[in-house]
Q: 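The structure under discussion is supplied below as structure tokens; questions concerning it will follow.
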2 protein chains.
Amino acid sequence: MPLSTRTKSKAARPANLTDQIYERLKQEIFDFRLLPGDRFTESEVAWRMCASRTPVREALTRLRRDGFVEVLFRSGWKVKPFDFGQLGQFYDVRIVLELAAVERLCAMEQPPDLTDLKEQWLVPASGRETDGPAVCALDEQFHHRLVEATGNAEMARIHHEVSERIRVVRRLDFTKSRRIEATYNEHAQILRAVLRRRRDDARPLLRAHIEASKSEVMKITVHMLEEARR
Amino acid sequence: MPLSTRTKSKAARPANLTDQIYERLKQEIFDFRLLPGDRFTESEVAWRMCASRTPVREALTRLRRDGFVEVLFRSGWKVKPFDFGQLGQFYDVRIVLELAAVERLCAMEQPPDLTDLKEQWLVPASGRETDGPAVCALDEQFHHRLVEATGNAEMARIHHEVSERIRVVRRLDFTKSRRIEATYNEHAQILRAVLRRRRDDARPLLRAHIEASKSEVMKITVHMLEEARR
DNA sequence: CGGCAACGTCTTGCATACAAGTTGCCGATG
DNA sequence: CATCGGCAACTTGTATGCAAGACGTTGCCG
């Protein structure tokens, strides 16, 4: 896919080339088309993306700051390998942020509108999504929405960044139907507690929910790595 | 200061040009040599930094992601103006993170070594720093150290980023000796409570301490802006 | 005198050229 | 056969060239 064949859409400025490449690369990491530990060069990515090295470099620089890749001095780039300690720390940050969010939500004089969450999670079993990746995305949305609903955009932004960092392994939590079921039940419980403004009910439930997800993910990831090693 | 006169230090690779420029620009923002709202171009910065536009662009891109500057399409860059709502949100994030940190510190079976903090803040009035900017830096260190001591590096990193965002206005809290005194007293109180692992003492103290700083800073900033407007 | 349109300058976004340094292969040698 | 040295190909870091668009200015027309 040489550079010259790139079709330049003229309708509506197609955002930055840098942004596009940034998003595409990030998606490739999320989709495991780029695996942790994989090495690659700027020229190679530039060729694949039909662009020059300049926007590729800018995109990679951003991905590095986000913690997804690292650069080896004059020796290429590589996708950052898993770091269990770090993943655990991200989960703990999530717990801190989300517990604080729930605390706020329960204390707010004028609780925000959470109709969207009600319609998504307080439904009979027949209305539930069963596709793993789909539930995974919904789960991320649920938790993000809780933080967002407090009205603190910066906290929501930070929560989003943290969520992206654990997204690669998070999906592993939704490969068993048992876990999907548990997710629905627990979200419903948590949401009901928040709507009734029962801080002391909601917080332990939420903490247990995230901790369960964390330990499940850790377990599966270790298992996967062991299997890959064989 | 034309580009050609740049002296290339050959002893020990002088890190990246990009990193240097990034740090210098950030420092200029912190030092008010670049004021909120100031506009500038890449070429201008490149000339001042004795470099080409390339590393300048990379540095600016990073600063934009950090939230310090913004780019106007084909029309230059500018230092992001104050946003009181956002500043308040950053203070709230600090409260969330630091309260969680203190909670953890009080709950840890093997409390970490906080000798450095003791030596800095549990001292008689005679051993206290009185220089405003110096106390400001020490204050930031104190709060950061609390989070760092929990052992969660990611939480510490996030806390650091948040601290940098409020650093420009934070110093305003240390222009009155009354506030410096209060800082010493409150830090001492908080630290003693943490060392005695009195979670329920430490948390309200810390929250009040940060809230006081927040409201003081907001007050002074509004006052300054009003004065500048005249 | 006011409004407007065309033009020139300046800006960023992207591509390309060049410099400095790393890696790995390949051959020579003990 | 193992090891060491050197060279060549690559890779990132930096500088520069080029294009498209934004903004101000200026001159013309109503």
Side-chain angles (χ1 to χ4, degrees), chain A residues 1-25 34 37-80, chain B residues 1-25 34 37-80:
Chain A
M1 201 189 300
L3 198 154
S4 58
T5 64
R6 173 155 53 96
T7 63
K8 296 192 183 182
S9 144
K10 63 192 72 171
R13 189 182 307 142
N16 272 352
L17 205 42
T18 299
D19 294 342
Q20 290 179 41
I21 296 172
Y22 170 78
E23 294 298 340
R24 282 181 64 181
L25 281 175
L34 278 177
D38 272 4
R39 291 182 62 166
F40 56 91
T41 70
E42 295 173 3
S43 317
E44 172 201 324
V45 175
W47 185 81
R48 285 202 296 123
M49 301 281 171
C50 301
S52 79
R53 275 182 55 220
T54 307
V56 170
R57 263 184 78 78
E58 291 193 17
L60 284 174
T61 301
R62 284 169 62 178
L63 286 169
R64 181 177 57 165
R65 254 190 104 54
D66 290 343
F68 291 112
V69 302
E70 59 188 320
V71 59
L72 295 72
F73 185 65
R74 263 160 237 249
S75 172
W77 294 72
K78 92 173 177 190
V79 183
K80 270 217 176 170
Chain B
M1 201 191 298
L3 197 153
S4 59
T5 62
R6 174 155 52 97
T7 61
K8 297 192 182 184
S9 143
K10 63 191 73 173
R13 189 182 310 141
N16 270 354
L17 206 42
T18 298
D19 293 341
Q20 291 178 41
I21 295 172
Y22 170 78
E23 294 297 339
R24 282 181 63 182
L25 281 175
L34 278 176
D38 272 4
R39 292 182 61 167
F40 55 90
T41 70
E42 295 174 3
S43 316
E44 172 201 326
V45 176
W47 184 83
R48 285 203 296 121
M49 302 282 171
C50 301
S52 79
R53 274 182 54 220
T54 306
V56 170
R57 263 183 77 78
E58 289 195 18
L60 285 174
T61 301
R62 285 168 62 178
L63 286 169
R64 180 177 57 165
R65 250 190 103 54
D66 291 344
F68 292 111
V69 302
E70 59 186 320
V71 58
L72 294 73
F73 184 64
R74 259 158 240 239
S75 170
W77 294 71
K78 95 173 176 188
V79 183
K80 271 219 175 170

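None of these values were measured; they are calculated from a predicted model. Residue numbers begin at 1 in each chain, while the letters A, B, ... track the order of the sequences.
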Q: Without decimals, in angstroms, what is the distance between B:L72 CG and D:dA22 C1'?
A: 11 Å
Q: What's the CG-P distance between A:L17 and C:dC14, to the nearest Å?
A: 5 Å
Q: Using the test ring pair (Phe, Tyr, Trp, His ring centres under 6.0 Å), find all partners of B:F68 that sit at least two apart in sequence or belong to another chain.
A: B:F30
Q: Please list, chain by chain and in numerical order, all residues satisfying side-chain contact (heavy atoms from CB on, under 4.5 Å) with B:R39, sequence neighbours excluded.
A: B:L72, B:S75, B:K78
Q: Taking all heavy atoms of A:A46 and all of A:V56, pick out the closest pair and write down the distance.
A: CA-CG2, 3.6 Å
Q: Rounded to whole Å, how long is the line connecting atom CD of B:Q20 with atom P of D:dG13?
A: 14 Å
Q: Please list each protein N or O that sits under 3.5 Å from an N or O in nucleotides 6-11 of chain C, with the distance.
A:
unit_1, atom_1, unit_2, atom_2, d
C:dT11, O3', B:G76, N, 3.3

Q: Would you kindly give the CG-to-C1' distance between B:N16 and D:dA15, to the nearest whole Å?
A: 15 Å
Q: Hey, which sits more toward the 5' end of DNA chain C by its nearest nucleotide, A:R39 or A:T18?
A: A:T18
Q: Below 4.0 angstrom, which residues in residues 53-66 of chain B have at least one non-hydrogen atom near DNA chain C?
A: B:R53, B:R57
Q: Could you please name the option among C:dA15, C:dG13, D:dA15 that lies closest to any side-chain atom of A:A51?
A: C:dA15
Q: How would DNA chain C look in dot-bracket form, 5' to 3', counting Watson-Crick and G-U wobble pairs with both distances under 3.5 Å and writing | for bases paired to another strand?
A: ||||||||||||||||||||||||||||||
Q: Checking B:D38 now: which residues fulfil salt bridge (charged side-chain N to carboxylate O under 4.0 Å, His left out) with it, not counting sequence neighbours?
A: none
Q: Rounding to a whole Å, what distance do you find between B:E44:CD and C:dT12:C1'?
A: 14 Å
Q: Take the protein atom CD of B:E70 and the nucleotide atom C1' of C:dT12, then report the distance between them rounded to whole Å.
A: 15 Å
Q: Any side-chain donor paired with an acceptor under 3.5 Å for B:W77 and B:E42?
A: yes
Q: Going by salt bridge (charged side-chain N to carboxylate O under 4.0 Å, His left out), name the residues that satisfy it together with A:R65, two or more places apart in sequence or in a different chain.
A: B:D66
Q: By salt bridge (charged side-chain N to carboxylate O under 4.0 Å, His left out), which residues pair with B:E58, not counting sequence neighbours?
A: A:R57
Q: The criterion is side-chain contact (heavy atoms from CB on, under 4.5 Å); which residues satisfy it with A:E23, sequence neighbours excluded?
A: A:K26
